[in-house]
Amino acid sequence: MDEEEERQAVSARLEALGYRVGQGLAERFTRDRPRFNDTLDVIKFLCKDLWTLVFRKQVDNLKTNHRGVYVLTDNAFRPFARMSAQSSSQAVQLAQPFLWFPCGIVRGALAALGIPATVQAETSELPSAVFQIKTHPAKT
């Protein structure tokens, strides 16, 4: 197995672990709540309640194009708080694996609440992180 295959395997494993955690958290913390009315309400729950539970703060910014794409920005992403490297490009590259598990958490929480989605995350400058959520229409 070469280095790229190994990286992809680790990425898939961490994302899958995060997915299970996200499902469990969403099921546990929405059990006593009324049903959400729409996708935006679910995303707001994710940005406020779930993010606070996992990262001890709310998402700093939420943007949407109202066509199923949501961009969550965390300007002080906790897993990056104590991270440093020689150069900023090196830091950004080293930080990428720390986004795989949180992507899984977000995807798992959305799936548990009935919203299939793909989640991608990136950082261009530490300690900020940007998560892009693309929801998929429900299959009928």
Side-chain angles (χ1 to χ4, degrees):
M1 186 185 302
D2 70 353
E3 197 173 308
E4 183 57 30
E5 285 175 333
E6 191 172 331
R7 184 176 168 87
Q8 287 178 346
V10 170
S11 163
R13 179 94 172 110
L14 283 170
E15 207 269 349
L17 287 168
Y19 184 87
R20 266 305 302 134
V21 169
Q23 274 186 317
L25 288 172
E27 288 168 5
R28 168 72 181 89
F29 289 97
T30 59
R31 187 175 54 197
D32 301 329
R33 297 176 72 114
R35 299 288 282 158
F36 292 106
N37 295 327
D38 60 9
T39 304
L40 187 58
D41 286 343
V42 173
I43 300 290
K44 286 178 183 176
F45 163 78
L46 188 88
C47 292
K48 293 178 182 174
D49 302 335
L50 197 70
W51 212 264
T52 302
L53 188 71
V54 177
F55 300 112
R56 297 195 192 114
K57 66 183 285 291
Q58 290 184 7
V59 167
D60 295 311
N61 195 346
L62 166 64
K63 292 181 181 173
T64 180
N65 67 357
H66 298 288
R67 290 188 203 98
V69 177
Y70 302 88
V71 179
L72 285 54
T73 306
D74 190 333
N75 295 323
F77 190 54
R78 268 188 117 65
F80 295 165
R82 292 192 167 88
M83 204 176 273
S84 65
Q86 304 281 310
S87 67
S88 65
S89 64
Q90 181 189 22
V92 166
Q93 191 175 12
L94 292 173
Q96 198 63 39
F98 290 86
L99 294 170
W100 297 333
F101 185 75
C103 279
I105 290 176
V106 170
R107 200 170 66 84
L110 290 171
L113 298 172
I115 300 171
T118 53
V119 181
Q120 294 176 314
E122 61 183 31
T123 180
S124 54
E125 188 178 337
L126 296 181
S128 72
V130 177
F131 292 80
Q132 184 180 50
I133 300 169
K134 290 182 183 170
T135 59
H136 305 298
K139 294 181 177 105
T140 55

>> Give me the atom names and distance for the closest heavy-atom approach of Leu46 to Val106.
In response: CD2-CG1, 3.7 Å
> Can you list the residues that meet the salt bridge (charged side-chain N to carboxylate O under 4.0 Å, His left out) rule with Arg33, with sequence neighbours excluded?
Replying inline: Asp49
>> Going by the rule salt bridge (charged side-chain N to carboxylate O under 4.0 Å, His left out), which residues pair with Lys57 if we only count those two or more places apart in sequence or in a different chain?
In response: Asp60, Asp74
> Where is the tightest heavy-atom contact between Val119 and Phe131, given as atom of each residue plus distance?
Replying inline: CG1-CD2, 4.3 Å
>> Restricting to non-hydrogen atoms, name the atom on Thr73 and the atom on Val59 that form the minimum distance, rounded to 0.1 Å.
In response: O-CG1, 3.3 Å
> Are Phe29 and Ile43 joined in one hydrophobic group, where the rule is that I, L, V, M, F, W and Y side chains link up if heavy atoms are under 4.5 Å apart?
Replying inline: yes
> Has the side chain of Glu27 got a donor or acceptor atom that lies under 3.5 Å from a matching backbone atom of Gly24?
Replying inline: no
>> Listing request: all side-chain hydrogen bond (donor to acceptor under 3.5 Å, both in side chains) pairs with a residue in residues 95-108, at least two apart in sequence or in separate chains.
In response: Glu15-Arg107
> Which pair of heavy atoms, one from Pro97 and one from Arg7, lies closest together, and at what distance?
Replying inline: CG-NH1, 4.1 Å
>> If you compare all heavy atoms of Thr123 against all heavy atoms of Ser128, which two are closest, and at what distance to 0.1 Å?
In response: OG1-O, 2.6 Å
> Taking atom CD of Gln58 and atom SG of Cys47, what is their separation to the nearest 0.5 Å?
Replying inline: 8.5 Å
> How far apart are the closest heavy atoms of Thr135 and Ala117, and which atoms are they?
Replying inline: CA-CB, 4.0 Å
> Distance from His136 atom NE2 to Thr118 atom OG1, nearest 0.5 Å?
Replying inline: 4.0 Å
>> Would you compute the distance between atom OH of Tyr70 and atom CD1 of Ile133 and round it to the nearest 0.5 angstrom?
In response: 8.5 Å
> With under 30° as parallel and over 60° as perpendicular, where do the rings of Phe77 and Phe80 fit, or are they tilted in between?
Replying inline: perpendicular
> How many angstroms lie between CG in Leu40 and OG1 in Thr64, if you round to the nearest 0.5 Å?
Replying inline: 7.0 Å
